[in-house]
Amino acid sequence: VFEFGCGTGRNLAALERLGASSLAGCDFSPGMLSLARQRGPSWRLFEQDMREPVPLPAESADLVLFSLTLEHVEDLRVPLREAKRLAQPGGRITIIEIHPVLSANGGAAHFDEGSTEIRMPSFPHQFADYLNAFAELGLRVHACREWRPADVGNPVPFHNLKRGPLDPLTLEFCLAV
């Protein structure tokens with residue numbers, strides 16, 4: 001598994017619990033990577049921007065993951081091209097992003113660092129932006145799902161209910177390489 005924008009390694013840890021045996025990721029935040037290294041000392045972690053080539057061989061991952069990270073790049077094709085290079089034939093690329101309807105209305109990933117809210121640069125991609133990038137790179141959509149608060153079970157965190165239980169929150173694409 002390789003995760004672009006792995007942050008503190010939360011997703012990598014979950015995938016390891018599910019049986020993934022070789023995990024790697026990149027993030028540009030040294031602080032988040034420090035926490036990820038504590039969480040998974042055997043993981044291969046790289047401090048870098050996801051728009052840069054990953055220092056791993058081609059076709060080295062069964063699964064490549066983007067989770068709430070592509071909103072931070074203007075040109076989706078750049079990291080997706082690298083994801084395609086990393087994915088083995090028959091492998092998968094999974095993308096989970098803020099839903100285009102939500103991002104068009106100003107929704108963006110953010111986090112708190114102490115008492116300060118951190119908002120990184122964000123680009124509100126539309127469905128067509130994703131689909132056109134996939135088509136240009138020869139990536140096939142294997143599955144697509146729109147997640148709403150009502151889809152994640154109870155209890156739903158209060159901040160996810162601001163717009164209502166049926167309004168879309170995230171979008172998931174599963175791509176075949």
Side-chain angles (χ1 to χ4, degrees), residues 1-16 18-29 32-33 36 43-110 119-148 151 168-177:
V1 173
F2 186 87
E3 182 178 11
F4 283 89
C6 65
T8 63
R10 182 181 59 192
N11 296 327
L12 293 174
L15 291 165
E16 187 172 55
L18 291 170
S21 60
S22 176
L23 296 127
C26 69
D27 202 283
F28 67 84
S29 167
M32 288 196 178
L33 282 173
W43 303 342
R44 293 188 67 191
L45 300 171
F46 306 98
E47 183 181 332
Q48 69 178 65
D49 188 303
M50 70 178 154
R51 294 172 295 185
E52 299 298 322
V54 174
L56 290 174
E59 301 179 359
S60 59
D62 296 314
L63 171 67
V64 179
L65 175 64
F66 293 92
S67 180
L68 303 176
T69 55
L70 285 175
E71 71 169 293
H72 301 299
V73 296
E74 188 169 13
D75 187 349
L76 296 169
R77 296 169 302 173
V78 174
L80 287 172
R81 186 175 293 112
E82 185 65 1
K84 181 180 179 182
R85 184 189 73 79
L86 290 173
Q88 294 179 356
R92 298 268 189 238
I93 299 171
T94 296
I95 299 167
I96 301 168
E97 280 300 326
I98 292 176
H99 196 282
V101 170
L102 186 59
S103 63
N105 290 318
H110 58 279
R119 287 191 174 268
M120 298 171 19
S122 151
F123 300 91
H125 301 295
Q126 299 177 19
F127 278 100
D129 298 329
Y130 290 104
L131 297 176
N132 291 333
F134 303 157
E136 183 177 324
L137 296 171
L139 297 168
R140 292 181 299 111
V141 177
H142 175 72
C144 178
R145 178 157 187 192
E146 298 173 279
W147 290 90
R148 307 165 304 168
D151 298 327
L169 285 177
T170 58
L171 175 64
E172 177 183 2
F173 288 107
C174 295
L175 307 175
V177 178

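The basis for the numbers below is simple: all heavy atoms, side chains too, and nothing from hydrogens, waters or symmetry mates. FYI, the numbering just counts along the sequence from 1.
- Heavy atoms of other residues, nucleotides or ligands lying less than 6.0 angstrom from CD of Glu47 number more than 12.
- Proximity of Leu33 to Trp43: side-chain heavy atoms (C-beta onward) are nowhere separated by under 4.5 Å.
- Interatomic distance, CG of Leu131 versus CG of Leu139, reported as 11.5 Å (0.5 Å rounding).
- Across every non-hydrogen atom of Leu56 and Ala24, the tightest pair is CD1-CB, 4.2 Å.
- At least one side-chain heavy atom of Leu171 sits under 4.5 Å from a side-chain heavy atom of Cys144.
- Closest heavy-atom contact between Glu71 and Leu68: OE2-O, 4.2 Å.
- Atom NE2 in His72 sits 11.0 Å away from atom CZ in Arg51 (nearest 0.5 Å).
- Put simply, the side chain of Thr170 does not reach to within 4.5 Å of the side chain of His99, judged on heavy atoms.
- Of the residues Leu76, Leu102, Leu70, the one that meets the side chain to side chain contact (heavy atoms under 4.5 Å, CB included) test with Glu97 is Leu70.
- Separation of atoms NZ (Lys84) and CG (Leu137) is listed at 6.5 Å; rounding is to 0.5 Å.
- Between Val73 and Val78, the closest side-chain pair of non-hydrogen atoms is not below 4.5 Å.
- For the pair Ala36 and Gly9, the tightest heavy-atom approach, listed with the atom from each and the gap, is CB-N, 3.8 Å.
- Side-chain atoms of Leu175 and Val141, non-hydrogen and from C-beta on, do get closer than 4.5 Å to each other.
- Glu82 places a side-chain heavy atom less than 4.5 Å from the side chain of Pro53.
- In this structure, Gln88 places its CD atom where more than 12 heavy-atom neighbours from other residues, nucleotides or ligands lie under 6.0 Å away.
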Quiz item: Can you check side-chain contact (heavy atoms from CB on, under 4.5 Å) on Phe127 and Glu146, steps first, answer last?
Solution: CA-CA 11 Å; Phe127 278 100; Glu146 298 173 279; 3.6 Å; yes

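- Between the Arg85 side chain and the Val54 main chain, a donor and an acceptor come within less than 3.5 Å of each other.
- Heavy-atom neighbours of Phe46 CZ from other residues, nucleotides or ligands within 6.0 Å: above the threshold of 12.
- Put simply, NE2 on His125 and CD1 on Ile98 are 10.5 Å apart, with the number rounded to the nearest 0.5 Å.
- For the pair Val177/Val64, no side-chain contact is recorded, criterion being any heavy-atom separation below 4.5 Å from C-beta on.
- Counting heavy atoms from C-beta on, the side chains of Pro55 and Gln48 come closer than 4.5 Å.
- When all heavy atoms of Pro100 and Gln126 are compared, the closest pair comes out as CB-CA, 4.1 Å.
- Pairing each heavy atom of Glu172 with each of Ile96, the nearest pair is CG-CG1, 4.1 Å.
- In this structure, the separation between CD1 on Ile95 and CG on Leu80 is 5.0 Å, given to the nearest 0.5 Å.
- Residue pairs meeting the salt bridge (Lys or Arg N to Asp or Glu O under 4.0 Å) criterion with at least one member in residues 122-142, sequence neighbours excluded: Arg77-Glu136.
- When the ring-ring contact (aromatic ring centres under 6.0 Å, His included) test is applied to Phe4, the partners found at least two apart in sequence or on another chain are Phe2, Phe66.
- Nearest approach of Cys6 to Leu45, heavy atoms of both residues: SG-CD2, 3.9 Å.
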